[in-house]
Structure formats: structure tokens, C-alpha cells
Amino acid sequence: MEHSRFYYHVSLILSISGFVFPVMVGSIGINYGQIANNLPTPDNVIPLVKSIGATKVKLYDADPRVLKAFANTGVEFIVGLGNEYLSKMRDPDKAQAWVKANVQAYLPATKITCITIGNEILTFNDTSLTDNLLPAMQGIQTALVNLGLDKQVSVTTAHSLAVLEVSFPPSAGSFRKDLVGSITPILNFHAKTNSPFLINAYPFFAFKSNPKQVSLDFVLFQPNQGVVDPKSNFHYDNMLFAQIDAVYSALASLGYSKVPVHISETGWPSKGDEDEVGATLENAKKYNGNLFKTICQRKGTPMRPNTDLNIYVFALFNENMKPGPTSERNYGLFKPDGSPAYLLGINGTDAISTNSTPTTAATTTTTPAPRSPESTSTGYLSISAAVKGSRSSCRGQLLFPLLLWSCLAFRPAF
């Protein structure tokens with residue numbers, strides 16, 4: 001019964017979205033976390049990924065089941081090396097052994113194009129992790145060079161938006177002074193290896209922190225008056241683009257304006273606790289639906305209008321074993337049985353219309369039990385970092401000072 005129901009959901013989704021996929025090819029990225037014990041097998045995930053037009057998948061580990069299942073599908077993969085492995089990558093032999101086992105073994109059938117080293121390390125307040133981050137990146141890069149893979153696989157790390165000290169106006173974006181000493185050598189690494197700078201950005205937390213001051217339409221890509229950066233005179237009609245351009249400005253302030261920015265995580269929960277203002281199914285549908293349409297326009301931000309957006313939506317599934325508030329378990333576009341958590345509101349007509357310029361289990365088989373919650377190897381327990389290495393829901397607290405200022409500054413005048 002479960003078997004047939006899963007395939008019914010997948011068939012229905014494919015029939016609904018069949019016209020969307022050609023328009024969205026090469027545009028959509030999706031985060032595939034696995035902190036759950038009820039997810040479909042990787043083979044059954046393939047049609048779900050294709051149903052939303054995603055051609056890029058980001059893992060938080062290098063799960064062999066997933067990498068084998070997606071062989072010869074053409075889907076591009078980012079694989080992750082967990083925070084717990086950073087210190088080991090200082091050893092050239094261990095770094096090369098990791099690359100051989102987790103990357104080279106799957107090439108070229110599985111299209112692995114990038115390796116993320118840890119997640120949001122610089123805002124963990126853990127000096128041992130920070131001290132090991134760049135050496136780990138360099139160790140993996142050296143291994144790729146030695147194996148002749150450095151031209152097809154890049155090395156990077158993902159950062160919380162909390163690495164910024166100033167985010168408003170976007171043209172004045174800058175990194176935290178206490179992090180400049182750590183982040184500058186990393187940016188030099190990116191410049192030398194032509195790898196992207198990854199940032200995790202969640203307008204949801206700005207709204208949750210101060211719903212009376214933050215315009216919901218502004219964070220959901222809904223029609224709104226927008227705001228103008230007084231220095232650049234650029235007009236912004238959504239918060240995510242303002243956040244991205246603040247990162248571009250921060251990079252430029254340190255002399256790294258040519259380093260590309262990719263959004264490694266962004267999303268909106270469809271359910272939350274009573275105090276998680278805005279975590280509703282309707283808001284999740286609007287945020288992700290409008291985000292998908294925006295990505296399909298193939299337009300950049302006001303500061304980088306000719307640069308394609310490289311955005312990975314969080315997340316593919318609701319993950320039932322993630323600790324923290326209810327929202328943590330409800331970021332998925334899909335439920336574990338293959339049914340959509342909500343319909344994105346995208347069809348062939350909608351996707352095509354976005355070319356216009358905008359105003360600014362057998363099947364549900366239980367997977368092997370995930371590793372203990374202390375491990376990050378099957379997907380980070382929380383979407384953004386928390387203080388002292390805890391993967392709880394502190395990310396709202398971490399981002400509050402930064403985003404509140406940003407939000408107040410971006411409040412439209414009525």
C-alpha cells in the first residue's frame with residue numbers, strides 16, 4: 001500500500017510539473033538532508049528531484065547510496081566533509097584517501113563538481129574548528145591537484161550570514177572585524193582556485209525576530225514598494241537580493257570583488273512552534289514558489305544584474321529526527337512519502353511568464369538509522385550554526401543583531 005501510494009505521488013508530481021522542467025534546467029539547486037528515519041531510498045528520490053526541475057543537489061556528506069543512485073543522471077553534486085573531519089585533513093595522506101573514496105570513486109558517472117569543507121565554521125565560536133578550516137580546504141585542494149581532479153571539482157566552505165557586521169545598505173556590506181583575519185586567507189584561497197564563496201541566507205529569521213517591523217511581502221518576494229539603497233541608488237524589492245548584494249560589497253571591501261557568491265541554503269518552514277512567527281504553510285509556499293520563479297528569470301541582483309543566481313533551496317524533505325524547534329523538521333518541499341508538503345504554485349504558464357521583467361521504504365522504506373545527533377555526516381542537525389558547536393535553533397539569535405538592523409533599514413515608508 002505504501003509502495004503504490006509513493007509512486008502515485010511521484011507520478012502525479014511529474015505530470016503536474018512536466019512543462020516546468022525544460023524552463024528550469026540548470027537553474028535550481030536543492031539541499032538533500034537525511035536527518036530522518038523514514039525517507040525514501042535514493043533511487044526513489046531521483047524523480048522527485050527532477051519533478052522540481054532541480055539539476056544540482058547539495059549533500060552534507062558523501063553518502064555512497066546517493067552518489068551511486070544518481071550515476072548517469074546528469075545531476076551535479078556538491079558533497080560535504082563534516083566538521084568532525086577537519087583536523088584529519090591536515091594529513092596529506094588522509095586528505096587524499098578521503099578524496100579517492102568519496103569523490104574519485106564516483107567520477108565520472110556521478111557529476112561531483114564541488115566539495116564543501118565544514119559548515120558555518122567561523123560563527124561556531126570554536127577556535128579549533130576555525131584553525132583547522134583553511135588547512136583542511138588546502139589539504140583537499142592539494143589532493144584534487146595530485147589526482148588530476150582540480151579542474152572539475154572545486155573546494156569551498158559555507159558561511160552563516162552572521163559573518164557580516166554591516167548589511168545595510170547593501171552597498172556598505174562588510175565582514176565582522178573579529179573575523180577578517182580568518183576570512184581573508186579563505187578569500188585568497190577562493191581567488192587562487194576560482195571557487196565560489198558560499199553563504200546561507202534565511203529572510204525567515206529576520207521576519208521571525210521582528211514581525212512588526214519587517215515587511216512580510218518584502219521577505220516573501222511578494223509585490224511591494226521596495227527600498228532604495230541611498231548610496232548606489234539600486235532598488236530592492238526582496239530581502240534575499242539585498243542580503244546577497246551586502247555579501248558582494250563585503251567581498252569588494254577586502255579586495256575580492258571577483259569571487260563569485262552562491263547561496264548554499266535558503267528556505268522557509270511550513271510549520272513552527274507558537275513563537276515561530278511566520279512559519280506557516282502558506283508563507284513557505286509563497287517564499288519557495290516565488291524564489292523558484294525568480295531563479296528561472298535568470299536575472300541577477302541589482303548589484304550583479306548579469307550574474308546568474310546560484311541558489312540551493314533548503315530542503316528536499318521534512319526531516320523528522322532533527323532536534324530544535326518544530327520549524328527544523330518542516331523545511332522540506334516533500335514529505336517522506338513523496339507527496340509535496342505544499343504545491344509551489346508553478347506550472348508551465350507561470351514558469352514561462354517569468355521571462356518578463358519584475359517590478360524591481362520499499363519506496364518509503366526506512367533508511368538505515370542515522371548516525372547519532374552529534375555527527376554531522378548525514379546532514380547538519382540545524383540549518384545554521386549555533387554558539388559553541390550546538391546545532392540547536394540558536395541561529396535566529398546569532399542573526400538577530402545583524403538582520404534586525406537590516407530589516408529596520410529596509411522597512412518601506414508608507
Side-chain angles (χ1 to χ4, degrees), residues 2 4-33 36 38-40 44-57 75 202-204 207 216-217 219-224 238 240 265-272 276 278-297 309 311-320 326-356 358 361 363-364 383:
E2 292 294 325
S4 59
R5 183 161 59 223
F6 181 89
Y7 275 107
Y8 169 76
H9 289 317
V10 174
S11 298
L12 181 62
I13 293 166
L14 286 172
S15 66
I16 292 173
S17 60
F19 294 102
V20 182
F21 182 64
V23 181
M24 301 167 93
V25 163
S27 301
I28 306 296
I30 189 77
N31 282 273
Y32 181 0
N38 58 354
L39 299 182
N44 291 322
V45 171
I46 296 172
L48 296 179
V49 169
K50 290 187 175 181
S51 75
I52 58 172
T55 59
K56 299 178 290 186
V57 171
V75 175
Y202 288 87
F204 165 69
F207 181 76
L216 184 59
D217 287 338
V219 296
L220 294 179
F221 301 90
Q222 293 287 97
N224 68 92
N238 71 80
L240 182 64
E265 292 181 17
T266 192
W268 197 284
S270 59
K271 186 178 180 181
E276 295 191 281
T280 68
L281 188 147
E282 187 61 27
N283 286 343
K285 175 181 177 179
K286 287 179 180 178
Y287 183 83
N288 284 321
N290 289 333
L291 175 63
F292 271 52
K293 293 176 185 178
T294 300
I295 294 172
C296 292
Q297 293 170 0
L309 298 172
I311 296 177
Y312 287 78
V313 177
F314 192 93
L316 193 57
F317 292 107
N318 287 335
E319 298 169 67
N320 70 341
T326 298
S327 62
E328 291 291 338
R329 295 175 287 283
N330 290 279
Y331 273 86
L333 299 183
F334 293 100
K335 299 175 183 178
D337 66 359
S339 63
Y342 46 85
L343 295 178
L344 287 173
I346 299 174
N347 57 39
T349 303
D350 289 337
I352 294 171
S353 69
T354 60
N355 289 329
S356 59
T363 27
T364 13
I383 297 168

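Computation of the quantities below employed the complete heavy-atom set of this structure, encompassing side-chain atoms and omitting hydrogens, waters and symmetry-equivalent molecules.
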Would Tyr331 and Asn31 count as a side chain to side chain donor-acceptor pair (under 3.5 Å) if you check the C-alpha gap in whole Å, the side-chain angles of each, and the deciding distance to 0.1 Å? CA-CA 10 Å; Tyr331 273 86; Asn31 282 273; over 6 Å; no
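- One finds the CG atom of Leu309 at 8.0 Å from the OG1 atom of Thr294 (value rounded to the nearest 0.5 Å).
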Step-by-step side chain to side chain donor-acceptor pair (under 3.5 Å) determination, Glu265 to Tyr312: CA-CA 5 Å; Glu265 292 181 17; Tyr312 287 78; over 6 Å; no
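- Residues Leu316 and Val45 are in side-chain contact: their nearest non-hydrogen atoms beyond the backbone lie under 4.5 Å apart.
- Counting heavy atoms from C-beta outward, Asn238 and Asn290 have side chains that stay 4.5 Å or more apart.
- Qualifying side chain to side chain contact (heavy atoms under 4.5 Å, CB included) partners for Ala279, counting only residues two or more places apart in sequence or in other chains: Phe204, Pro269, Glu276.
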Going through the distances and angles, do Val75 and Thr55 end up as a side chain to side chain contact (heavy atoms under 4.5 Å, CB included)? CA-CA 5 Å; Val75 175; Thr55 59; 5.8 Å; no
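- A search for ring-ring contact (aromatic ring centres under 6.0 Å, His included) contacts involving Phe221 returns Tyr287, not counting sequence neighbours.
- Here the straight-line distance linking atom NZ of Lys56 with atom CD1 of Ile28 works out to 8.0 Å at 0.5 Å rounding.
- For the residue pair Tyr342 and Ser270, the shortest heavy atom distance occurs at CE2-CB, 3.9 Å.
- A heavy-atom distance below 4.5 Å is found between the side chains of Ile311 and Leu240.
- Residues passing the side-chain hydrogen bond (donor to acceptor under 3.5 Å, both in side chains) test with Asp217, sequence neighbours excluded: none.
- Ring geometry for Phe207 versus Trp268: interplanar angle of 30 to 60°, hence tilted.
- Between Leu39 and Phe334, the closest side-chain pair of non-hydrogen atoms is not below 4.5 Å.
- Once rounded to the nearest 0.5 Å, the distance linking OG of Ser339 with CG of Leu48 reads 9.5 Å.
- For the side chain to side chain contact (heavy atoms under 4.5 Å, CB included) test, residues two or more places apart in sequence or in another chain that qualify with Glu282 are Thr280, Lys285, Lys286.
- Taking the side chain to side chain contact (heavy atoms under 4.5 Å, CB included) definition, one finds that Asn318 meets it with Asn330, Lys335, Ala341, sequence neighbours left out.
- Annotation: side chain of Asn283 is in contact with side chain of Leu220 (closest heavy-atom distance under 4.5 Å).
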